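Proteins come first, then strands; the chains are lettered A, B, ... in the order of their sequence lines, and each starts at number 1. These figures come from a predicted structure and were not determined experimentally.
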2 protein chains.
Amino acid sequence: MPLPQTEIPGRLQMQLAERGIRMTGPRRAILSVIETATKHLDASQILRKARTVDASVDRSTVYRTLDLLKRQGMIDELDLMHLNGERHYYERKTGHDHIHMACLRCGKITEFVSKTFESLKKQLEGECRFHILVARLEVGGYCSACRR
Amino acid sequence: MPLPQTEIPGRLQMQLAERGIRMTGPRRAILSVIETATKHLDASQILRKARTVDASVDRSTVYRTLDLLKRQGMIDELDLMHLNGERHYYERKTGHDHIHMACLRCGKITEFVSKTFESLKKQLEGECRFHILVARLEVGGYCSACRR
DNA sequence: AATCGTTATGCGACTAAGTCGCAATAAGAA
DNA sequence: TTCTTATTGCGACTTAGTCGCATAACGATT
């Protein structure tokens, strides 16, 4: 998981404030969970963790907040190749998109930043005249340790 | 949707036979639906269509068959950026992977084959020593007609 | 500080996707 | 035809996510 050390805690809160979006207790709890996460979390994990901060947080508030953050382009939604069922995972959007590689044997998730990926997106924007808002590249296979 | 004219109907059946996998009525119905599809179908659409061929086909058989085909690397599973809820879509795997671009305004799905995408996969295989079995690149944004 | 329009929340009931165990059935090799 | 093994339909279940609604809380304004 990307957790750049340069990242200011409370950044998501600030970004929402800048956009004139109301801040609330449950929202703060959920944002802090996402900001301090060290691995990819799904909605129910986010709910559980948020409740340790604010016990009243409800499941639907988690979903609504995730929708808000997605719409604002502040988080990305991942499947991680459905390694563990159908749930979705979330992570903060950083400046540079990265590729997720999921090992189908050991379950390890590897992230990878690639210039080629950036060129590919430019190619799509140009050749297809498509305006990209989200790009998600997920790969499933065997990691270096698990391939033989 | 890719429906190459060179494609032999019954190809999936043959591939399964080659691998010594048992052929059954329901399975045949489901395969034919997938083979003759002209757009991306989800599990319940596949079920509905398969039932016009063999009325007894059950939902769980559809899911089990889709799992089988996924495991055999004969179909790909797509989200299409969750344009219409959480369902998954399926398509036959062809020789060349392609990118799916989903327009978030009009819902159009555009497919794109790219050399750069192939290089990117090679890069992952090489630099990360990752053995790729599935690669899924989905893009959400605005298509040429909907961007302004 | 008190007011007030608007937005967000918790609750609970609901939908829809997908899973699973099991007894019955059908494939296909012998 | 027989027999083993894989597959099926059924039905009950789980789990992710949605929605309407009455209540609560934000935060701008006075």
Basic-acidic side-chain contact under 4.0 Å: Lys70(B), Asp67(B): yes
Lys/Arg-Asp/Glu bridge criterion (N-O < 4.0 Å) met for Glu118(B), Lys121(B): yes
Would you mind reading off the distance between [X] atom [atom1] and [N] atom [atom2], rounded to a whole angstrom?
| X | N | atom1 | atom2 | value |
| --- | --- | --- | --- | --- |
| Arg22(B) | dA27(C) | CZ | P | 9 Å |
| Leu68(A) | dT18(D) | CG | P | 14 Å |
| Asp42(B) | dA16(D) | CG | P | 20 Å |
| Leu66(A) | dT9(C) | CG | C1' | 15 Å |
| Ile46(B) | dG18(C) | CD1 | P | 10 Å |
| Arg48(A) | dA16(D) | CZ | C1' | 15 Å |
| Gln13(A) | dA8(C) | CD | P | 15 Å |
| Gln45(A) | dA16(D) | CD | C1' | 13 Å |

Asp67(A) vs Pro26(B), nearer the 5' end of DNA chain D by closest nucleotide: Pro26(B)
Contact check, side chains of Val62(B) and Ile30(B), non-hydrogen atoms, under 4.5 Å: yes
Pairwise side-chain contact, His100(A) with Glu91(A), heavy-atom cut-off 4.5 Å (strictly under): yes
Under 4.0 Å between a side-chain N/O of [X] and OP1 or OP2 of [N], yes or no?
| X | N | value |
| --- | --- | --- |
| Thr24(A) | dA8(C) | no |
| His82(A) | dG18(C) | no |
| Tyr63(B) | dG18(C) | yes |
| Arg27(B) | dA26(C) | no |

Mind checking if [X] touches a base, just sugar-phosphate, or nothing, with heavy atoms under 4.0 Å?
| X | answer |
| --- | --- |
| Arg59(B) | base |
| Arg87(A) | sugar-phosphate |
| Ser60(B) | base |
| Arg64(A) | base |

Nucleotide nearest Glu86(A) when distance is taken to its side chain, options dT19(C), dT6(C), dG17(D): dT19(C)
From CA spacing to verdict: side-chain hydrogen bond (donor to acceptor under 3.5 Å, both in side chains), Glu111(A), His40(A): CA-CA 11 Å; Glu111(A) 302 189 345; His40(A) 299 102; 3.0 Å; yes
Toward the 5' end of DNA chain C, by each residue's nearest nucleotide, Ala43(B) or Ile21(B): Ala43(B)
